[in-house]
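Single-structure report; data block below.
Proteins come first, then strands; the chains are lettered A, B, ... in the order of their sequence lines, and each starts at number 1. Remember, predicted model here, so these are calculated numbers, not experimental data.
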Amino acid sequence: MDASQIAAIESKWRKKWADEGIYEPDPDAKKEKRFVTAAFPYPNSPQHIGHGRTYTTADVYARYLRLRGYSVLFPMGFHVTGTPILAMAKRIAAKDPDVLKVFRDIYGIPDELSATLTEPKALVSHFSSEIEEGMKEMGYSIDWRRKFYSFDPKFNCFIQWQFRKLKELGYLIKGEYPIAWCPLDKNAVSAHDTRGDVDPELEDVTVIKFATQGNAHLVVTTYRPETLYGVTNIWVNPKAEYVKAQYRNETIIIAKKAAEILNLQMGLKIIGPVAAEEIMKMKAKNPLTGEEVPVFPASFVSEEIGTGIVMSVPAHAPYDYLALRDLGKADMKMPQVVELKGYGPAPAKDEVEKLKVKSQDDPLAEQATENIYTKEAHEGVMAVGKYKGEKAIAAKEKIAQDLAREGSAFTIVTIANGPVYCRCGGHVVVNILKDQWFIDYGIPAWKAKAKQCLDGMRTVPDKARDEYLYTIDWLKTRPCTRAAGLGTRFPFDESKMIEALSDSTLYMAFYTIAHMLKEHDEKDMDEAFFDAVILGTGPKAQDPKLKKLRESFLYWYPCDSRHSAGDLIRNHLTLYIFNHVAILDTPLWPRQIVTNGFVLMDGMKMSKSMGNILPLRKAVKEYGADVIRFSVVSGADLASDTDFSRTVAEGTRSRLAFIGSLVEAAAKQKTARLHGRADKWLLSRLNRKINAAKALYESCQMRQLGLEIFYDVVSDLKWYEKRTESPNLHAFFMKWAMLISPFMPYHAEEYWHMLGGKGMAASGKFPEYDEKEVDAQVEMGEELVRAVHGDVEKIGQLLGKKPQKVGIYVASDWKHGLYHLVREHKLLPKVMQEAAKDALLRPHMKDVPKAAAQLVKNAHSLPDVLHEKEELAALRDALGFYKKEFGCEVAIEPEEKGAHPRAKNAMPGKPAIVMS
RNA sequence: GCAGGGGUGACGGAGCGGCCAAACGUGCUAGCUUGAGGGGCUAGUGGUUUAGUACCUACGCGAGUUCGAAUCUCGUCCCCUGCACCA
């Protein structure tokens, strides 16, 4: 089948499924329900095959449950909350060449189309329908009636209600919060607002105050307060501008640029300039030791980092030592603070000399600093002071706290990976938001409830459980509003927007009613409205207009299976648990969360910069939905990343073509024929797989399923095709089509109808495991046929010629008896002793020792074997096959009938072969 | 540093106490097939050896438990991911 044929088949069944409405379930009292959801997509670009993994996993699972007779709801919506969509629209409007290039080259979006996407709404509309189309093409069994966007007014009402509930519970609090901020835009910035998509990382840094003779303090920035014991001097950059400024009720001296950067968070009042030369005349008093130290010049000091003033600890900071050496003061006394094994009293000096660093401007200085800092942090022990003998890393915290308590130090927040620039060109700084709203996930009682929910919930894979547990403990206060972005206004401060991770924690409930809200005006959707629908309480609880909504909610809730990529355990999925336990009663808490890994492209992470992104719709066009579904989901264990490669997709396609040709033949088979041994073998294997598949589907073991019900089946069929003259596969495929249908719904449907199946495969029944069709004897027999076939071929190869005649001689039953004696008794003397007592073996005592000796070697690992008669029956069944394969006469006899002495070598499970 | 995961063939990865020189897939090699724009089929793919076999060397490194270990125990080295407000 070529791509257009596949596309035709797919659209045929897609239409049929839609017409029959099998994915649009409504509450049905007669049926048990299953509610499956997957994290809704964020439509700021088209989706690629990586996005397909979670949705396909969820869809396979949903389709499986449907076949098991459940009423299954799998809905979908779109998440548009936050700033990325705004940022994207802005970049398109500004004709950002990077964005346009990605759209053009990767997603095939012409510039003319991009040019229409400059408004957020237009962008959302275009990409969401693009994604929706893709999902339909993939065959996802989604109920699209329930689609909504997270900026829909009715959804906003729901989210505002959720936040009112959180507030009532006392889970919302207000406080200060440091954020990355652009002073030009006067706005918070995150990765997508910055040049080069850098995520600004905030970091606490200690500032220590050194008193001077005047009333001003020199404020020095340090990552290592514990080294304060070893300060020999203070550094300023002679080329930098410094100022006096008022900070709270003190006067400090700080670099001018630093003051500008820190002004927002510190609230400084500039008094006037101070020349660096002036500062260098000062003496600065170490708040810890009381010692007065001089101020020296150094070029390595940056006026933009921290306060633009640093302290000098030459024994432990390579830059400080280098700067002193550059000044010709290397002979200065350098007090040791930290003891480091393998180094002298001045590790910084040792390291500088070891690396042969030339000066403070030598790039090697950075290397030396990193080496010393890492080593001292991990292995260093305090050599002096109050915390002598303790690990340096622990002392650091304690000393910083001590100093802060005394008022000799404070903390500032800096951008660790700075400087970072906003797309508008502004230098990103840290701002402290005064009335930031938080959700307080740190409340112990709430955490306890979340854990209780986890206890009663299934996590797939099971080992993800620990990560949830960890995250539940780790979560603390979390900001829940932002100044800008799409979404829902914060009900207690309408100037703020609810942040993107906070409005997607309870929204699954909205799916249960989303399609029924047309007759309700959002003005009526107040607190009482949702109290009635979701909680069944409040003044509107008895409102007949809301009864249907309430019923729908109660029918579908709780969510039976939530699907997402594993990286969301750390935030979204755990917040999902928290919010559910906060607002809903125990029976409505989540039942199961399934997390999966990513999709790699030919072993590499997909990324825009590498250009190796395969858009989902393009992939479907090329390979057909079923091949993509299968490739994306069955290539690796659920939790690990899977690799998509074209060769694998090709392989899947060609295997499907092979199966297709057999199905076609089976479809022509008018009447059911009786099954021969090979048919029975195949059916026996299939039934085992059906049995195993149930458990595998239940636990979303897609990889294992792929192996069992596809790859294994293909190789079974290959053998079968060779083995039988006239395939008899109708019954086999009727079952198999249903078995594979959750994975490959289109092919399954097509096959099902080709074979004359009744109704739709997509809404049919999961195949029954028929124990009567499982026959271990037949399976072992077929294994034997296969093994003998392989052996004959191998011998033929070694002989280097085609055989004239092949004799296959089956071991006598007395050997079988011996076989079991060896299995039981293991040791040769014991076996011989028992053999002598055995009526079956006694007549063959002259042959027993040799055979026994051979068997005893593997006494601990002898597999089950068939009796002589069964071996004969199995092999004789394959006589025609053998003749055809070997192209000569074939005799299959008990070993006594063999004239050749080699016939006597026969062993149970290992017939003797004589070729001439 | 803390937390989690992992080290197996050319590669992705199975196996988690014995039918294991290692599933399944990919790659590679050979043969066949007029198939020719990421073909199809068959066989092979650690070494030696043999009429289908057997043995040796292999599952990061070292030691131990066991009749038997990739699989269990202990030690050791190395690698990856996350550490927060970002959807």
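- The side chain of A:H79 lies closest to B:A87 when the candidates are B:A87, B:G25, B:C19.
- Side-chain N/O atoms of A:K476 include none lying less than 4.0 angstrom from OP1 or OP2 on B:C85.
- Salt-bridge annotation for A:E895 and A:K815: present, with a side-chain N of the basic residue lying under 4.0 Å from a carboxylate O of the acidic one.
- Comparing the C1' positions of B:C20 and B:C59 gives a spacing of 11 Å, expressed to the nearest Å.
- Nearest to the side-chain atoms of A:Y42 among the listed nucleotides B:A87, B:G27, B:A51 stands B:A87.
- Side-chain proximity of A:E499 to the nucleotides B:A87, B:A23, B:A43 is greatest for B:A87.
- A:P41 comes within 4.0 angstrom of nothing in the nucleic acid, heavy atoms only.
- Rounded to whole Å, the C1' atom of B:U57 lies 7 Å from the corresponding atom of B:G47.
- We find that CZ of A:R465 is positioned 14 Å from P of B:G5, with the value rounded to whole Å.
- At a threshold of 4.0 angstrom between heavy atoms, the contacts of A:T477 include nucleobase atoms, whether or not backbone atoms are also involved.
- Atom CG in A:L475 sits about 18 Å away from atom P in B:A3, given to the nearest Å.
- Taking atom NZ on A:K722 and atom C1' on B:C41, their separation rounds to 10 Å, with Å as the unit.
- Here the separation of B:C61 from B:C11, taken at their P atoms, is 15 Å to the nearest Å.
- Between the CZ atom of A:R570 and the P atom of B:U81 there is a distance of 14 Å, given to the nearest Å.
- In this entry the distance linking CD of A:Q704 with P of B:G15 reads 7 Å, nearest Å.
- B:G60 and B:G15: their P atoms are spaced 15 Å apart (whole Å).
- With rounding to whole Å, A:E226 atom CD is found 16 Å from B:G1 atom P.
- Within the nucleic acid shown, A:S504 has no heavy atom closer than 4.0 Å to any nucleic acid atom.
- Side-chain proximity of A:R482 to B:C67, B:A43, B:A87: nearest is B:A87.
- Annotation: A:K618, atom NZ; neighbour count of heavy atoms from other residues, nucleotides and ligands within 6.0 Å does not exceed 12.
- We find that A:D864 and A:R823 are joined by a salt bridge, their nearest charged nitrogen and carboxylate oxygen being less than 4.0 Å apart.
- Comparing B:G25 with B:A58, their P atoms sit 29 Å apart, to the nearest whole Å.
- Checking the phosphate oxygens (OP1, OP2) of B:C86, no side-chain nitrogen or oxygen of A:R478 falls inside 4.0 Å.
- For B:G40, one of the phosphate oxygens OP1 or OP2 lies less than 4.0 angstrom from a side-chain nitrogen or oxygen of A:S654.
- Aromatic ring centres of A:F881 and A:W719: separated by under 6.0 Å.
- Within 4.0 Å of A:V792, counting heavy atoms only, lies no atom of the nucleic acid at all.
- The nearest whole Å value for the distance from the NE2 atom in A:H572 to the P atom in B:G82 is 19 Å.
- Nucleotides B:C67 and B:G62 place their C1' atoms 24 Å apart, quoted to the nearest Å.
- In this structure, the nucleotide among B:A87, B:G18, B:C24 sitting nearest to the side chain of A:Y711 is B:C24.
- One N or O donor and one acceptor, one from the side chain of A:R902 and one from the base of B:A51, sit under 3.5 Å apart.
- Ring to ring, A:Y711 and A:F630 are close: their centroids are under 6.0 angstrom apart.
- As the counterpart of B:C28, B:G44 is assigned, both hydrogen-bonding distances of the Watson-Crick or G-U wobble pattern falling under 3.5 Å.
- No side-chain N or O of A:D503 forms a donor-acceptor pair with one of A:T488 less than 3.5 Å apart.
- Within the nucleic acid shown, A:D637 comes within 4.0 Å of sugar-phosphate atoms alone, with no base atom in reach, counting heavy atoms only.
- Its glycosidic angle being within 90° of 0, B:G38 falls on the syn side.
- As judged by a 4.0 angstrom heavy-atom cut-off over every strand, A:K396 is placed among residues making no nucleic acid contact.
- Here the nucleotide nearest the side chain of A:L501, chosen from B:A51, B:A87, B:G38, is B:A87.
- The side chain of A:L799 approaches B:A51 more closely than any other nucleotide in the set B:G18, B:A51, B:C85.
- Within the nucleic acid shown, A:K910 comes within 4.0 Å of at least one base atom, counting heavy atoms only.
- Checked for salt-bridge contact, A:D712 and A:K689 meet the test: a charged N lies under 4.0 Å from a carboxylate O.
- Taking atom P in both B:U33 and B:A70, one finds a spacing of 44 Å when rounded to whole Å.
- Summarising the geometry, the separation between CH2 on A:W181 and P on B:C85 is reported as 16 Å, rounded to the nearest angstrom.
- Remark: A:R703 is not in phosphate contact with B:G25, judged by side-chain N or O atoms under 4.0 Å from OP1 or OP2.
- Of the candidates B:A51, B:A87, B:U53, B:U53 carries the atom nearest the A:D791 side chain, counting heavy atoms from C-beta on.
- For the residue pair A:T81 / A:S150, a side-chain donor-acceptor distance below 3.5 Å is found, with atom types taken as modelled.
- The nucleotide whose nearest atom lies closest to any side-chain atom of A:W474 is, among B:G18, B:C24, B:C83, B:C83.
- Look at the C1' atom in both B:G6 and B:U71: the space between them is 16 Å, to the nearest Å.
- In textbook terms, a nucleotide whose glycosidic angle is within 90° of 0 is syn, and B:G9 is one such case.
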